[in-house]
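Sequential numbering from 1 along the given sequence is applied to the chain's residues.
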Amino acid sequence: MPNMPEMTANPPGSFCWMELSTTDPSAAKTFYAGLFGWTAIDNPMGPDEIYTVFQLNGQPVSAGYKQQKDEAAMGIPPHWTLYIATADVDVAAARVQVLGGKIIAGPFDVATHGRMAFAQDPTGAVFALWQPKANPGVGVKDKPGAFCWADLMTPNTQRAKQFYEELLGWKVEPGEHDPSGYLHISNGETMIGGMPPSERQPPNTPPSWLLYYLVESCHASTAKLKGLGGRVFMGPITIPNVGTMSTVSDPQGAVFSLFEPAPRA
């Protein structure tokens with residue numbers, strides 16, 4: 001794989017960090033190393049607490065930690081959390097509540113790295129807001145083994161559209177000549193994600209953000225994932241002129257998707 005360009009900033013409104021809460025950090029490190037080629041940098045955070053930064057070719061792509069006891073007690077499964085960059089997390093957190101969402105925790109400082117808050121949109125999906133200081137977030141996107149897209153799974157796309165457009169300045173609109181009902185999310189001129197219509201979402205899917213990781217071959221990566229102990233829920237399926245994707249989970253149960261883009265004409 002060629003050297004990847006270093007990203008020096010993630011603009012406000014962009015997806016800037018991805019964080020794994022898992023019941024077995026050691027097994028997760030082995031799994032993602034095998035699947036994506038990630039290397040793990042462990043950072044002690046206190047007694048028996050380690051925050052692992054995953055790197056791809058020396059650039060940070062995500063992080064992971066052992067699930068907190070209060071999450072486990074509430075029956076929250078292992079999961080990925082999506083962080084969204086903001087210029088002022090305190091202003092954004094106040095706005096979340098005005099717009100009908102909830103602040104779960106924060107805002108609070110994370111040492112010198114940045115300031116953050118955990119939030120929930122009005123439809124129930126959880127995300128994090130990140131105001132960067134020393135840490136701008138991921139150093140690479142849209143390369144094999146790195147984050148490339150996110151879908152919001154929600155039963156009320158119109159309510160979610162209104163919330164995120166007013167909170168982050170996103171444009172959430174259907175694609176040109178696309179009758180499927182899928183809404184595309186743009187941050188400025190950059191398309192970053194989408195919202196599938198509720199009827200196209202898997203049954204019993206809770207409101208949540210689904211992260212996509214780019215792969216060179218969705219079929220090969222899906223097979224590799226199964227060999228590493230992961231689970232396949234859907235796919236690989238191919239959407240003409242878009243690409244091939246699978247919805248999967250790691251062995252501990254954290255759900256995400258694999259995506260192979262269609263060849264450019």
Given side chains that start at C-beta, do those of His113 and Trp130 come closer than 4.5 Å, heavy atoms only?
yes
I'd like to check Ile104 versus Val126 (side-chain heavy atoms, cut-off strictly below 4.5 Å). Are they in contact?
yes
Flag if over 12 foreign heavy atoms under 6.0 Å of NZ, Lys66
no
Got a sec: does the NZ of Lys226 have more than 12 other heavy atoms crowding it under 6.0 Å?
no
Thr157: side chain to side chain donor-acceptor pair (under 3.5 Å) partners, not counting sequence neighbours:
none
Any Leu20 side-chain heavy atom under 4.5 Å of Asp250 side chain
yes
Give a yes or no answer on whether the side chain of Gln131 reaches the backbone of Val89 with a donor-acceptor pair at less than 3.5 Å.
yes
How are the rings of Phe36 and Tyr213 set to each other: parallel, tilted or perpendicular (split at 30° and 60°)?
tilted
Would you call Ser14 and Lys141 a side-chain contact if the rule is heavy atoms closer than 4.5 Å?
yes
Less than 4.5 Å apart, any side-chain heavy atom of Pro236 and any of His219?
yes
Checking Asp121 now: which residues fulfil side chain to side chain donor-acceptor pair (under 3.5 Å) with it, not counting sequence neighbours?
Thr123, Tyr164
Side chain proximity check, Lys133 to Asp109, heavy atoms < 4.5 angstrom:
yes
Using a 3.5 Å distance criterion without hydrogens, assess whether the side chain of His79 forms a donor-acceptor pair with backbone atoms of Pro77.
yes
Can Leu82 be reached from Leu214 by stepping across I, L, V, M, F, W or Y side chains whose heavy atoms are under 4.5 Å apart?
no
Check this for me: Asn241, atom CG, are more than 12 non-hydrogen atoms of other residues, nucleotides or ligands nearer than 6.0 Å?
no
Can you find a pair of side-chain heavy atoms, one from Val96 and one from Phe163, that are under 4.5 Å apart?
yes
Establish whether Trp80 and Met116 are linked, either directly or via other cluster members, by ILVMFWY side-chain heavy-atom contacts under 4.5 Å.
yes
Considering all heavy atoms, the nearest Pro107-Ala117 contact
CA-CB, 4.0 Å
Shared hydrophobic cluster for Phe147 and Met153 (ILVMFWY, side-chain gaps under 4.5 Å)
no
Mind checking whether Tyr32 and Tyr212 sit in one hydrophobic cluster, side chains of I, L, V, M, F, W, Y counted as touching below 4.5 Å?
no
Can you tell me if Glu165 uses its side chain to pair, donor with acceptor, with the backbone of Val172 under 3.5 Å?
yes
Least distance between heavy atoms, Tyr182 atom then Pro196 atom:
CD1-CA, 3.6 Å
Give a yes or no on whether the backbone of Gly13 and the side-chain of Trp170 come within a donor-acceptor separation of less than 3.5 Å.
yes
Linking I/L/V/M/F/W/Y whenever their side-chain heavy atoms sit closer than 4.5 Å, directly or via other members, would Val61 and Ile50 fall into one cluster?
no
Report yes if the side chains of Cys16 and Pro136 come closer than 4.5 Å at any heavy-atom pair, otherwise no.
no
Decide if atom CZ of Arg231 counts as having more than 12 heavy atoms of other residues, nucleotides or ligands within a radius under 6.0 Å.
no
State which residues pass side chain to side chain donor-acceptor pair (under 3.5 Å) with Glu19; sequence neighbours excluded, sorted by chain then number.
Tyr51, Tyr83
Can you name the closest pair of heavy atoms from Pro240 and Thr238 and give their distance?
CD-O, 3.8 Å
